[in-house]
Structure formats: C-alpha cells, structure tokens
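Residue numbers start at 1 and run along the sequence shown.
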Amino acid sequence: MQQYWWQSTVVYQVYPRSFNDTNRDGIGDLPGIIEKLDYLQELGIGAIWLSPVYQSPNEDNGYDISDYQAVMAEFGDMADLERLIAEAKQRGIRIIMDLVVNHTSDEHGWFVEARQSKANPYRDYYVWADPAADGGVPNQLQSTFSGSAWQYDDTSQQYYLHLFSQKQPDLNWQNPQMRQAIYDMMNFWIDKGIGGFRLDVIDLIGKQPAQGITGNGPELHHYLQEMNQATFGNRDLLTVGETWGATPAIAKLYSAPERHELSMVFQFEHVGLDEQPGKSKWDLQALRISELKRVFAKWQTELGDQGWNSLFWNNHDLPRIISRWGNDGQYRVKSGKMLAILLHMLKGTPYIYQGEEIGMTNRVVHDISEVADVESRRMYAERLANGYSPADILHSINVKGRDNARTPMQWDATEQAGFTTGQPWLAVNPNYATINVAAALVDPDSLFYTYQKLIRLRQNNPIMVWGSFELLATAESVFAYKRRYQNETWLVVNNFSNEPQQIDLPAEKVETVIIQNDETELTSLANLQLTPWQSFVVKVAESDDN
Ligand code: TEU
Ligand code: CA
C-alpha cells in the first residue's frame, strides 16, 4: 500500500468544551488548546482531532451546526482558530476538523429558509415527507436520541427527518446544489491549512428514508468519491469516517486508496460487545475477552493491505475504558498501561482521547439533574415512561453515558482540576486530586510516559505500522498476538483480568524487551505466571515455525 503520513502518526482527540478554559466562564476554549500545545507535543502526537468548534446552539454540544464557517463564540473567534492551526503546525501537529454534514442545526440559515415554504429554494436541502394516511409519522424510522425520527412542521404540514435530535434536521444529499455547498465549505477550511477531516456519521448520508434505509445507502460511495474529487483528494489530508455500520468489506470500500474515498474509518464492532445483542447500549452485558479477541483479529487480518484501520478505546461518545474494561481502582494505572500497549501494538492509526493518557475514569451521578447529555436525558425520559426504575436507568447512564467522557480535563490538583477558575459547565470528577496531568508528568512510571513511549516506538519501528498480525491461542483472559515484518517478530502478551493467568511459550527466545507494565523478568516464557493486568512486548528470535 502507498505510504501516507497518517499511517505512522498518533491522533489526539480534543473535546474543546471540556479541555481548558482561559476566560473563567467554565467552558473550554481555543486559546485553552493553544496553551496546551507544548504538552501535546511532549506526548508526541502528530494530529489533533478537534470536535466541532463551529457556531451552534449546543443542543448536542456542537454536533448541531448553525454556521459552518463561523467559530462558536464561547470557544473564541476565527483568529483564535487560525492561530491554533499555525501554532500546532510549528510543533508538527496537524488540526483535523470535525465535519458534521449528515445534518445541520435547525437554526442554520438553510433550515430557517427551508421551513418558510415548500417553494423555498432551500426546501430540498432537507428531507421532507407528507403525513401517513392516518395523519401520523411517514414511517417508523427512529431517532438515535429516542423517539420518532420525524418531526411535524405546522407551517407546511409536512414532517422533516432528524435521525438525531429534532434540532438536528437531516440534509438531503440527493440534492446536488446542497452537496456543492458542502464541498465549497470544506475547501474553505482546507485553504486554512487544516490536516484533514473526521466525518460525523458519514455512513448515513446515502440514506433513502422512504425505503427505511439509513446506513450504507446505494449512493453513499458515489457521494464520497465525488466529495473526494471536489475537496480533499490528492491534498495529503487525513480523512476518517465515523461509520457505525461498517464491516471489514465495507471498510475496504471506504479506505482502499484506489477507490479515492477516505483514509480510514472508525468502526465500532468492539464497542458493542458489552451490550445485549439486538438491544441498545443501555442494555448491559459483561464483556467476554474471547469475543474481543475475535473481533480485533478479524479487523487486523481482513483489511489486509486493501484498507486501513483506526484504533481507539475512547472518544466523546464512549465511557472511559479503564472503568469500562480495565480496573479503575487497585489496578487503574496497570490496567491502563495494558489497554494502551494492547491497542497501540496493533496495525492501524491509534487515537488517544483527552484524559486517556493520564487514566481518567468514569464519574458517578445520583440524579438525572447531574446529566447534561441530550442522548442520556432523552433515554431517561423514554425509559421512565416505559416503567423502568430511575435507579436502573441511572445505572446504565453511569456505565455507558457520554458525559463520562466529557467531564473537564484534569490538569492539576488545584480547584476545578486547573480546568477553570470559574464554575465548570459539567462537574469535575472528584478524583482529580490524584488523577491529573501535573502528577503524571512528575511520575516517570505514570501512564503518560507509557503512551509517550508507544508513540515513539511507532515512529521508529515499521513493524508496528506495517507488520502482519497473528492471534495466539491462549486462556480466555489472555490476549496475545504476534506482529511480523521482514525478518522481525514481536510478541505481545496481555493479561486482561484481575486474576493471575498462565501462558506457556517455551519455544520463544526473548531477544529484547520492547515495553512492559511491570518489573517481571522475561528471559523465559515457559509456564509464565502473568500477574493481574500484566502486559509486555518482546522481540523474539525468528524461528522457522515462528
Ligand atoms: O455519533 C453518532 C452516534 O450514533 C452516537 O452519537 C451515539 O451516541 C451512539 O449511541 C454512540 O454511543 C456522532 C457524534 O460522535 C455524536 O457526538 C453526535 O451526537 C452524533 O453523531 C450526531 O451528530
Ligand atoms: Ca472559556
């Protein structure tokens, strides 16, 4: 496969609202990100995925945009954003903008126009439908944020589609004028020197609502090839699509270079392994490590060199991984290191979500009034109406709610974790006194330095970027695999549990210890007793059965 910068870089996701506040209003801002660029350079990342900073009424924290070419006042202004792009570039860091073009805000000028009348020139920028014969919703399409995906509009006595909140009307990608307007907007940002785009729910833009089709619609890839030609194609930019419905075969359609669509996609198969099949993320079930191994092995091998993987445990929609699948008590740092080593030793582009590098955890709420996220609040209302107990619903929110990822970044042990000297828009996790950047930086054994080392290893070892993958047969809770490249073999071993585990690899001749999360002596791997959450990577001698 052709070589691109984004195959050997590591991306850091910033959720601006919760990253760093510089003007005491309790809301993170662009000058706050600029202030921390030296810290991110120290970590070693090569790009920042910036969650939306565009003008928005914040129904969904910026994923409801009212002006694509204006910066949200709370975050700063266009000069601040241009300064961020320039200051980041000076430190070898590219800025990846979040492109939210499946829908706009209902306060976007296009929609304000469109709902004026059926004859309005912007009407067809959105998806409208007449009521069903019974005067009700056109069909049973549901919103991800609970309830019908159709909202009635009195003015024109038609329904408009919103796959997310009713303040996020879906754009009609079948309209070529609308598509061209989006491409012009994308080129506006490309001309500002950004490093690429993260494309929000991009697998939905080929929807055919009348046929009940939302994801992977027939025109989807045609639109992406058109978008590629009209905007970022041949501009050496990173483009990553958020595609909840992708399989390896579909991911290849998106990321095979000769198809001229995207660099890679975020696929979420591993993220669904602790929810009851066929139900929602709120219907919890325990993770089975064998399932996680199966899914990772599939994606590591089936994309081969026809596509490219993204690697992530966290983002602004997911609970904190150490609380979810690690141990955020006794083994917070050790399990955090195991999770980091396991993920970063895989083939693909790793993404670190703000706070992951210092081991931030989920927070616990005791009442719905403490919950800010529109998705959780609407689910709470819907389930309460369906007879669920508040305690059960709150338990699901504490385990899976998106606010877990959105508590303010913990910079130090001063008041409000050094995030703000005002009142934070969302409460700081009370464990900030021990879990914070300042404490991590003065502790050579902290999780921060494990992430820093993994990033440096990826920059200096092509085996991490290009090596093949082979899952090894082990005990259920042991996740071990090999990477091979040219005549080099690395063995990666992880104990994914609170209990000691056995692994027996007598034939492996350890040549070099690459990284490990404890002091275990690793000369022989015969009948090795792994300590809880133990993780190590060793270079082993190449032997013919190897
Ligand atoms: O997310 C798509 C999406 O379906 C998730 O929002 C949803 O929360 C799911 O249940 C994940 O757990 C994207 C953005 O990442 C998200 O923040 C936005 O809310 C959403 O699209 C709409 O723009
Ligand atoms: Ca602020």
Side-chain angles (χ1 to χ4, degrees), residues 49-72 95-114 122-127 143-144 149 160-165 167-192 194 196-209 213-217 219-233 235 237-246 254 261-266 316-317:
W49 156 21
L50 194 56
S51 273
V53 294
Y54 316 92
Q55 188 181 298
S56 165
N58 280 312
E59 163 77 0
D60 185 18
N61 287 5
Y63 282 91
D64 51 311
I65 298 168
S66 53
D67 184 338
Y68 286 110
Q69 292 170 220
V71 171
M72 189 191 298
I95 301 297
I96 311 296
M97 295 289 280
D98 208 316
L99 185 75
V100 186
V101 292
N102 171 70
H103 47 267
T104 68
S105 164
D106 64 348
E107 298 181 27
H108 189 291
W110 293 345
F111 192 70
V112 171
E113 282 293 317
Y122 287 96
R123 183 73 172 188
D124 193 40
Y125 271 41
Y126 295 88
V127 181
S143 161
T144 299
Y160 67 84
L161 181 75
H162 59 90
L163 290 178
F164 294 91
S165 101
K167 282 185 66 61
Q168 291 167 295
D170 280 54
L171 285 166
N172 172 21
W173 273 76
Q174 295 172 17
N175 177 330
Q177 283 83 31
M178 193 291 290
R179 296 202 303 270
Q180 189 53 52
I182 294 291
Y183 303 154
D184 296 345
M185 175 269 287
M186 293 172 71
N187 286 324
F188 166 85
W189 288 109
I190 291 172
D191 295 344
K192 286 192 178 299
I194 62 169
F197 291 105
R198 176 264 185 188
L199 296 88
D200 190 60
V201 285
I202 203 65
D203 59 343
L204 299 179
I205 65 172
K207 65 180 75 73
Q208 304 216 324
I213 295 172
T214 52
N216 300 313
E219 293 303 307
L220 171 60
H221 293 283
H222 160 60
Y223 295 150
L224 286 173
Q225 287 165 3
E226 181 188 72
M227 176 194 281
N228 178 298
Q229 295 311 11
T231 62
F232 51 75
R235 306 288 293 272
L237 301 180
L238 183 163
T239 49
V240 53
E242 183 199 25
T243 58
W244 281 78
Y254 286 109
E261 296 188 19
L262 305 177
S263 313
M264 67 190 92
V265 295
F266 289 128
H316 62 293
D317 292 333

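- Listed for the Ser56 side chain is a donor-acceptor partner under 3.5 Å among the backbone atoms of Asn58.
- In summary, the side chains of Ser263 and Tyr254 do not present any donor paired with an acceptor at a separation below 3.5 Å, with no hydrogens or angles considered.
- Although no hydrogens or angles enter the test, the distance criterion places a donor-acceptor pair under 3.5 Å between the side chain of Gln168 and the main chain of Ser165.
- Side-chain contact check for Tyr63 and Ser51: at least one donor-acceptor pair (N or O, by modelled atom type) lies under 3.5 Å.
- Listed for the Arg179 side chain is a donor-acceptor partner under 3.5 Å among the backbone atoms of Trp173.
- Under a 3.5 Å cut-off, the side chain of Trp49 and the backbone N or O of Val240 do not form any donor-acceptor pair.
- With sequence neighbours excluded, the residues forming a side-chain contact (heavy atoms from CB on, under 4.5 Å) with Ser143 are Phe145, His162, listed by chain and number.
- A 6.0 Å sphere centred on OH of Tyr122 holds no more than 12 heavy atoms belonging to other residues, nucleotides or ligands.
- Although no hydrogens or angles enter the test, the distance criterion places no donor-acceptor pair under 3.5 Å between the side chain of Ser66 and the main chain of Gly109.
- The side-chain contact (heavy atoms from CB on, under 4.5 Å) search around Gln208 returns Gln174, Gln211, Ile213, Pro218, not counting sequence neighbours.
- In this structure, CD1 on Ile96 lies 10.0 Å from CG on Leu50, to the nearest 0.5 angstrom.
- Sorted by first then second residue, the salt bridge (charged side-chain N to carboxylate O under 4.0 Å, His left out) pairs that include residues 49-69, not counting sequence neighbours, are Asp60-Arg402.
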| message | Run Leu171 and Asn102 through side-chain contact (heavy atoms from CB on, under 4.5 Å) and show every step you take. | response | CA-CA 6 Å; Leu171 285 166; Asn102 171 70; over 6 Å; no
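- Checked against salt bridge (charged side-chain N to carboxylate O under 4.0 Å, His left out), Glu107 has the following partners two or more places apart in sequence or in another chain: Lys167.
- Counting only heavy atoms from C-beta outward, the side chains of Met264 and Thr239 never approach each other to under 4.5 Å.
- Ring-plane geometry between Tyr68 and His108 is classed as tilted, the angle between the planes lying from 30 to 60 degrees on a 0 to 90 degree scale.
- For the residue pair Trp244 and Asp203, no side-chain donor N or O sits within less than 3.5 Å of a side-chain acceptor on the partner.
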| request: Carefully, step by step, assess Tyr125 and Gln177 under the rule side-chain contact (heavy atoms from CB on, under 4.5 Å). | output: CA-CA 8 Å; Tyr125 271 41; Gln177 283 83 31; 4.0 Å; yes
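- Using bins of under 30°, 30° to 60° and over 60° for the plane-to-plane angle, the ring pair Phe111/Tyr126 lands in the perpendicular bin.
- Between Trp189 and Tyr54, the angle of the ring planes goes over 60°, which puts this pair in the perpendicular group of the 30/60° scheme.
- By the side-chain contact (heavy atoms from CB on, under 4.5 Å) test, Leu237 is found to be paired with Ile190, Phe232, Arg235, residues two or more places apart in sequence or in another chain being considered.
- In this structure, the side chain to side chain donor-acceptor pair (under 3.5 Å) partners of Tyr183, at least two apart in sequence or on a different chain, are Glu226.
- Put simply, the side chain of Glu242 never gets that close to the backbone of Asp200: no donor and acceptor are under 3.5 Å apart.
- With hydrogens and angles ignored, the 3.5 Å screen pairs a side-chain donor or acceptor of Asp170 with a backbone N or O of Leu163.
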